[in-house]
Amino acid sequence: MQSLSATPPLARQLAEHVLSIRDGELPALALEHAKMSLASTLASAAAGQGIESARIIRELELADGGVAAAPVWFDGGRLPLAGAARVNAVASDAAASDDSDMRSIAHIGTIVSSVALAVGEREGAGGRAVLSAMVLGYEVAGRIDESLTPVRMQRGFHGSFSTVFGACVAAGLLLRLDARRLAHAIALSATSIGGMAIAADTSCAREYHAGLAASTGIRAALAAQHGFEGELGVLDLPRGFLDALGGQAREDIVRDWGASWDIVTDMAIKLMPGAHPFHATAEAAAQAARAGRVAPGDIARIVVSAAVQWTNFKGEPHPRNLVDAAHSLHYFVAAAIVDGGFSWQHMEQSRMADPTIAALQDKVEFDPDPPPLPDRFPHRHGGTVIIHMKDGSVHRATCVAPRGSGARGIEWRDVEDKFLRLFPQAGLPAHATAACLDAVRSLDRADTVRSLTRRLDKGLEG
């Protein structure tokens, strides 16, 4: 038994830190980034809800039924909390257009958004409470995954191993768990989650993992609410969670709590689809091409020197479907040069089959000696593209942080452009797009989150 003077288990420390934040203490920018993440998640879910993987999970959960506690976005159906969050998270992740944390490329925003809206709907929570739960859920997930980076991925474990903590904390706050119960929710989440990185990189298992994290975190919070207890030392004991996944700098998980917020410093909104580690390099490719006014047919070769090379994560050329395209750095670079940038259209098979883009992919080479990393977070450091022309001229550009990232600053106009482009794919009435965007932007002033969720319900007026 642990002595009274011993340091509390990490799960308990995290729970107490989360509950130490009082209403009004979170900075305005953190809440604003939560709204941006929510808008991005809804836009991505609108684009993803028609994808086969999202359809399968939606149909399975609706067939199972249960207590109608929370809405299935854009469908009109309602499900138990875990089922609704699962369906909505899968739809957002399926489109490869949600947000990422730039330390680890874990899609924390999709998880905290889908969970907080589901639980907030059932609990009648106000908009500010939902946004605060998102910020704090993001913080716990981000801090844990920072410790796991990069060993987690090197050992083959996907980001769901960290995003589940965002789910359980967001749910636990909206369920009003005390510190003991929230600590057990964190501990139960740690011993419940799975997900292999190789499957996420090569198949629709990526969105399956998102649904798993959302639903598992909610179930852990509900179990703890009803008195179920786990091993509070599961995170930090020998052979525990951090040992298994290669956790390092463990003291940083709770160090300087509240000094800054991960949703501000490390979250990035995707302003183009696909793997976030490629976005900065695609921007560099487009910049180099514009600066040199290059014609694709005059290009001799393209040299990429990107931080992501240190992870051996760059995919293959000539994608044939969304999963391939989302993970092909060759395709990102070639398409960005040909079309002046990489955008939502490039997840369409017509662009994948474009002969000019296809020919250019075969000219992409990778620097055999990319610059060393300044830290253990390769996804923070972007890339350089050097275009060698047949006439001997050379055009190069470097982009360290992509547009839409916390490091570069996230602009509402960019988030709105994304929302207006993708959200109409939800199939709601035409007026719903502007109404939903307005509801997200004013959510911190809403007495109930239902002011937003009813607008996401197919056929209902705002």
Side-chain angles (χ1 to χ4, degrees), residues 1-21 101 103-104 106 108 111-112 135-173 177-197 209 212-213 216-221 223-225 227-262 266 375-377:
M1 180 178 293
Q2 205 164 16
S3 69
L4 294 177
S5 61
T7 301
L10 182 55
R12 179 68 188 224
Q13 293 180 60
L14 286 168
E16 290 176 351
H17 280 313
V18 166
L19 294 176
S20 72
I21 303 299
D101 186 281
R103 291 163 293 191
S104 61
I108 306 172
I111 307 306
V112 296
V135 172
L136 290 163
Y138 196 108
E139 187 70 15
V140 172
R143 283 170 173 259
I144 290 174
D145 209 39
E146 179 172 304
S147 174
L148 302 182
T149 301
V151 180
R152 167 181 62 72
M153 186 66 76
Q154 292 168 351
R155 292 186 178 179
F157 299 112
H158 190 240
S160 53
F161 276 87
S162 58
T163 59
V164 67
F165 297 106
C168 83
V169 168
L173 282 168
L177 301 188
D178 60 20
R180 181 176 65 83
R181 286 181 168 83
L182 183 56
H184 280 291
I186 292 169
L188 291 170
S189 295
T191 200
S192 304
I193 196 60
M196 305 310 297
H209 294 166
L212 180 66
T216 297
I218 285 180
R219 289 191 172 101
Q225 182 186 42
F228 199 104
E229 297 187 349
E231 169 52 69
L232 284 181
V234 66
L235 292 176
D236 35 355
L237 283 174
R239 299 190 302 120
F241 184 87
L242 292 172
D243 272 6
L245 277 75
Q248 54 193 302
R250 299 181 185 190
E251 63 280 1
D252 290 346
I253 295 176
V254 292
R255 190 195 302 275
D256 296 329
W257 180 269
S260 63
W261 297 98
D262 287 356
D266 288 287
D375 54 35
R376 68 178 195 271
F377 307 108

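- For the atom pair R103 CZ and F377 CZ, the distance stands at 7.0 Å (nearest 0.5 Å).
- Within the 3.5 Å criterion, the main-chain N or O of G142 finds no donor-acceptor partner in the side chain of D101.
- Here the closest non-hydrogen pair linking A167 and G217 is CB-CA, 3.8 Å.
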### Message
For a side-chain contact (heavy atoms from CB on, under 4.5 Å) check, start with the C-alpha distance between I186 and L232, then their side-chain angles and the critical distance, and finish with the verdict.
### Response
CA-CA 8 Å; I186 292 169; L232 284 181; over 6 Å; no
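- Between the side chains of Y138 and D266, no donor-acceptor pair is found at a separation under 3.5 Å.
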### Task
In sequence, state the C-alpha distance, the side-chain angles, and the governing distance for T7 and Q13, and then conclude on side-chain contact (heavy atoms from CB on, under 4.5 Å).
CA-CA 9 Å; T7 301; Q13 293 180 60; 3.4 Å; yes
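- A perpendicular orientation is assigned to the rings of F165 and F241, their planes being inclined by more than 60° (bins at 30° and 60°).
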#### Entry: side-chain contact (heavy atoms from CB on, under 4.5 Å) between R143 and D262, worked out
CA-CA 8 Å; R143 283 170 173 259; D262 287 356; 3.9 Å; yes
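- We find the NE2-CD1 distance between H17 and I253 to be 11.0 Å, quoted to the nearest 0.5 Å.
- For the atom pair CZ (R219) and OG (S192), the distance works out to 10.5 Å, reported to the nearest 0.5 Å.
- In plain terms, the two heavy atoms of A171 and A221 that are nearest each other are CB-CB, 3.8 Å.
- With sequence neighbours excluded, no residue satisfies side chain to side chain donor-acceptor pair (under 3.5 Å) with Q248.
- The distance from atom CD1 of I144 to atom CG of L148, rounded to the nearest 0.5 Å, is 7.5 Å.
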### Task
Take T191 and E231, measure what side-chain contact (heavy atoms from CB on, under 4.5 Å) needs, and give me the verdict at the end.
CA-CA 9 Å; T191 200; E231 169 52 69; over 6 Å; no
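- The closest side-chain heavy-atom distance from L19 to L173 is below 4.5 Å.
- Looking at residues two or more places apart in sequence or on another chain, you find no side chain to side chain donor-acceptor pair (under 3.5 Å) involving H184.
- Taking all atoms of both residues into account, the shortest heavy-atom contact from A15 to A179 is CB-O, 3.5 Å.
- Applying the side-chain contact (heavy atoms from CB on, under 4.5 Å) test to L212 and every residue at least two apart in sequence or in another chain returns I193, T216.
- Residues V234 and A190 approach most closely at CG1-CB, 3.8 Å, considering heavy atoms.
- A 4.5 Å side-chain heavy-atom check between L245 and V151 finds every atom pair outside the cut-off.
- Proximity of a side-chain donor or acceptor of R376 to a complementary backbone N or O of T149 within less than 3.5 Å is detected.
- For R239, there are no side chain to side chain donor-acceptor pair (under 3.5 Å) partners, not counting sequence neighbours.
- Under the side-chain contact (heavy atoms from CB on, under 4.5 Å) criterion, A220 pairs with L188, S189, sequence neighbours left out.
- Remark: L235 CG to D243 CG distance equals 11.0 Å, nearest 0.5 Å.
- In this structure, R152 contributes its side chain and F157 its backbone to a donor-acceptor pair below 3.5 Å.
- The shortest non-hydrogen separation linking I111 to A213 is CD1-CB, 4.2 Å.
- In this structure a side-chain-to-backbone donor-acceptor pair under 3.5 Å is present from S160 to G194.
- Contact annotation: the side chain of I21 never approaches that of V135 to less than 4.5 Å [non-hydrogen atoms, C-beta and beyond].
- Atom-to-atom distance recorded for T163:OG1 and D145:CG is 8.0 Å, nearest 0.5 angstrom.
- R180 meets the side chain to side chain donor-acceptor pair (under 3.5 Å) test with E229; sequence neighbours excluded.
- Of all the heavy atoms in C168 and L182, the pair that sits closest is O-CD1, 4.2 Å.
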